[in-house]
Amino acid sequence: MKKLLDCFEYLKRYHIDVLDTISIILELFILKTQNPTALAHLIEKDTKKNLLYNELQTLIQNLIKPSFYVKINPNANISKILKIIHQAPLDNHIIEQFLHTITQKKTANKLYYYSTPSEVNQLLISLLDIAPGDEIYNPCYGIGSVFLSIGNTTKAIKLYGEELDEKLSNIAHLIAQLAQIKDTKLYVNDILKQPIFKTKNGFEKFDKVLCNPPLYAHMGIEYLKEDERFGKMGILVKNYPELVFLTHALAHLKKRGVFIIRNQTLQKSSLEEKLRERLCKEKMIEAIIELPKNIFPHQNHEFSILVISPNNEDILHINANNEYFYQKDGKYNRLVHTEELANIFKKKLQTPYSTLTPLSNIQIHDLRAQSYVNRNLPPRHTFTLKSLDVEIFRGQRVYGSPKDEPIEYYDVGIADFKPYGMTQTFENKKNRGDKAKIKKYALHSYDILLSLRGVSPKIALLGELKSCCVANAGIITLRAKNKSMAIGLYCYFFRTDGENALKKIYEQSGENTVNIENLYQLNIPKDYDKHAKKIFSVLEKLGNDLQAIEDKIKVLKES
């Protein structure tokens with residue numbers, strides 16, 4: 001991921017518009033995924049730069065529509081770029097994380113208004129419950145980042161949409177192609193002036209609708225008062241564009257729609273009350289999910305997901321504005337446990353975070369989840385590494401400076417990690433180093449070590465240390481309060497649920513590295529040390545057996 005992000009930053013230097021840079025890198029992704037053999041042959045050729053450039057253009061233009069094509073600046077190092085793209089692993093998930101990073105995390109690109117955080121996209125698609133053959137409509141699809149989440153669910157759908165900005169639309173087409181969604185009708189159009197999906201018989205209906213409306217769109221609405229979509233609703237207010245998009249989308253809805261809206265549209269003001277009253281009267285609200293604060297960059301508002309479908313006698317309220325459902329990620333928060341939210345929604349569960357309210361008990365003046373779900377939620381039956389008082393720090397390079405002096409110690413790296421059980425032997429012995437640093441960063445018995453980088457985390461548990469050891473800069477150290485806790489955490493990270501929880505920490509950075517603050521906030525179940533002694537005993541035996549086999553192989557090689 002880091003190399004892909006570096007490649008994107010490199011390309012930005014050669015193009016004035018960052019949207020052009022996104023188009024170019026998506027074109028290269030399409031070449032990599034849809035004609036990898038041609039890409040490999042292109043790299044292998046010892047071709048002059050001009051010929052290489054022309055061949056690359058031809059290959060890409062054979063894969064995408066001419067109207068979507070953006071030329072790469074010929075002054076860029078084409079060969080270098082192609083090698084990075086060729087060598088980088090690439091699938092829908094990686095592309096999704098890449099787009100999330102450049103649009104949501106790297107806010108200097110100023111692309112956060114055109115996309116939605118990847119985990120929010122994943123939740124929206126889970127709520128829609130998309131089935132093969134569904135017709136899906138989005139009235140403001142932006143760059144289409146959500147299309148990757150749709151493609152991860154099923155590619156056998158029909159995708160419809162409208163977008164005001166042509167450049168955004170071109171990128172969305174490329175993303176739909178990468179997601180392998182072939183049946184698309186994505187138009188550049190103003191839904192207010194002349195909606196495309198309308199016939200003489202009225203508005204076309206779609207199985208599913210999703211919408212994250214642009215909050216800062218200029219809404220020229222004075223001439224719409226007589227429009228059949230808006231005339232009777234009393235919500236034509238420029239300050240609330242999401243209500244205009246929502247009302248428009250309702251005209252197209254057949255089965256279920258999901259909409260991101262500001263909480264202020266769910267309460268108090270009479271400007272939106274007619275719409276709220278209509279939705280409740282016609283039993284159209286299936287659920288309202290209040291989202292955590294600060295998960296959308298540069299947005300000071302609070303948001304909810306509104307789920308619309310026909311014939312609902314109750315409204316499911318889910319209050320996800322709870323520390324269990326978000327983690328700190330840089331300056332912002334990131335939504336977590338989306339699978340649990342989707343499960344609560346699917347099964348209509350009543351939990352500490354959710355409640356099912358009959359329509360007769362609904363107050364039209366306030367539909368927010370926090371007004372129906374217990375505000376003083378009990379703490380989740382989990383710990384965090386921070387609440388367990390686990391100390392976390394990164395390894396250091398403690399030699400190679402003018403302060404070096406004679407001292408014996410081991411420089412511990414990933415190569416020393418024993419696959420199972422205690423790690424107690426080390427290979428890289430040093431005789432000089434900075435004594436003050438070595439003392440400060442010396443490892444303790446029963447420290448847990450993690451690789452700083454990786455798709456799948458590598459982990460080790462130190463045994464009784466008889467020599468001075470220091471972890472190198474590629475290692476993260478977790479220091480538990482005692483041996484028992486260390487073994488419990490080590491066994492939890494060994495299990496599938498613990499391993500997957502760690503993987504998500506690596507993925508959150510977008511660069512497959514560990515962010516220490518995110519690691520501190522990692523949720524640890526209350527029974528994390530359940531059966532730890534038994535599990536660890538088995539792991540130690542397996543580790544010893546594996547070591548014995550490796551020793552026999554070594555002897556055999558040296559015979």
Side-chain angles (χ1 to χ4, degrees), residues 1-2 5 96-109 111-112 115-123 260 263 289-305 318-341 352-353 369-370 375 377-394 448 450-454 457 476-480 489 492-493 497-526 528:
M1 178 63 73
K2 185 177 185 305
L5 293 170
E96 198 169 18
Q97 283 300 312
F98 171 82
L99 288 171
H100 173 85
T101 302
I102 64 172
T103 61
Q104 298 292 310
K105 295 194 69 175
K106 295 187 180 295
T107 55
N109 290 326
L111 298 168
Y112 36 83
S115 72
T116 308
S118 59
E119 60 283 346
V120 178
N121 278 338
Q122 290 157 15
L123 177 59
I260 296 177
N263 283 359
I289 303 171
E290 190 159 336
L291 294 170
K293 296 176 182 177
N294 204 29
I295 62 170
F296 298 100
H298 290 273
Q299 295 285 1
N300 296 321
H301 306 287
E302 296 177 12
F303 292 87
S304 291
I305 296 174
I318 305 175
N319 189 0
N321 188 17
N322 178 276
E323 63 180 10
Y324 176 64
F325 290 107
Y326 66 85
Q327 287 182 354
K328 189 74 175 172
D329 188 16
K331 293 197 307 184
Y332 301 100
N333 293 323
R334 191 165 189 180
L335 186 68
V336 296
H337 298 133
T338 55
E339 301 91 346
E340 189 164 340
L341 288 171
Y353 311 104
Q370 63 179 273
R375 294 185 183 188
L377 293 175
R380 179 73 183 182
H381 295 303
T382 60
F383 300 112
T384 63
L385 289 177
K386 192 161 193 170
S387 70
L388 288 170
D389 292 328
V390 175
E391 185 183 353
I392 305 175
F393 57 93
R394 184 175 173 181
I448 298 171
L450 296 176
S451 55
L452 176 68
R453 295 181 176 82
I476 298 290
T477 300
L478 279 61
R479 183 165 293 160
L489 288 171
Y492 169 65
F493 293 141
D497 52 346
E499 185 181 39
N500 288 338
L502 267 183
K503 281 182 180 178
K504 288 182 180 179
I505 295 293
Y506 282 76
E507 291 168 358
Q508 280 176 15
S509 71
E511 301 175 7
N512 292 324
T513 59
V514 174
N515 178 290
I516 288 179
E517 187 55 41
N518 289 346
L519 198 54
Y520 267 123
Q521 300 305 322
L522 177 66
N523 284 297
I524 307 292
K526 212 159 191 176
Y528 73 93

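None of the values given here were measured: they were computed from a predicted structure. Heavy-atom basis, side chains included; hydrogens, waters and symmetry copies ignored.
Considering only heavy atoms from C-beta on, Q327 comes within 4.5 Å of N523 through its side chain. By the 4.5 Å heavy-atom criterion applied to side chains, T101 and K106 are counted as neighbours. Within the 4.5 Å cutoff, the side chain of V336 has no heavy atoms near those of the E119 side chain. In this structure, F325 and T338 have side chains that are not in contact, with every pair of non-hydrogen atoms separated by 4.5 Å or more. Looking at heavy atoms from C-beta onward, V390 lies out of side-chain contact with R479 at the 4.5 angstrom threshold. Taking the side chain as every heavy atom from C-beta outward, Y506 and L450 approach each other to under 4.5 Å. Considering only heavy atoms from C-beta on, R334 comes within 4.5 Å of H100 through its side chain. The shortest side-chain heavy-atom distance between L335 and P292 falls under the 4.5 Å cut-off.
Taking all atoms of both residues into account, the shortest heavy-atom contact from E391 to F393 is OE2-CD2, 3.9 Å. Here the closest heavy-atom approach between residue N321 and residue L291 is recorded as CB-O, 3.7 Å.
Looking at S387, its side chain never comes within 3.5 Å of a backbone N or O of F383 through a donor-acceptor pair.
For the side chain to side chain contact (heavy atoms under 4.5 Å, CB included) criterion with L478, the lone passing option out of L522, L489, L519 is L519.
From I516, atom CD1 reaches atom OG1 of T477 across 9.0 Å, with rounding to the nearest 0.5 Å. Distance check, rounded to the nearest 0.5 Å: OH of Y332 to CD of Q104 gives 9.5 Å. Taking CG of L123 as the start and OG1 of T116 as the end, the distance is 11.5 Å to the nearest 0.5 Å. I392 CD1 to R394 CZ: the interatomic distance, rounded to the nearest 0.5 Å, is 14.0 Å. Rounding to the nearest 0.5 Å gives a distance of 5.0 Å between CD1 of I305 and CD1 of I289. For the atom pair CG (N333) and CG (N294), the distance works out to 5.0 Å, reported to the nearest 0.5 Å.
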From CA spacing to verdict: side-chain contact (heavy atoms from CB on, under 4.5 Å), T384, Y520:
CA-CA 7 Å; T384 63; Y520 267 123; over 6 Å; no
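Every residue two or more places apart in sequence or in another chain that forms a side chain to side chain contact (heavy atoms under 4.5 Å, CB included) with A369 is listed here: E290, H317, N319.
A salt bridge links K504 with E339: the distance from a Lys NZ or Arg NE/NH1/NH2 to an Asp or Glu carboxylate oxygen falls below 4.0 Å.
The aromatic rings of Y324 and H337 lie parallel to each other, their planes meeting at an angle below 30°, with 60° marking the opposite boundary.
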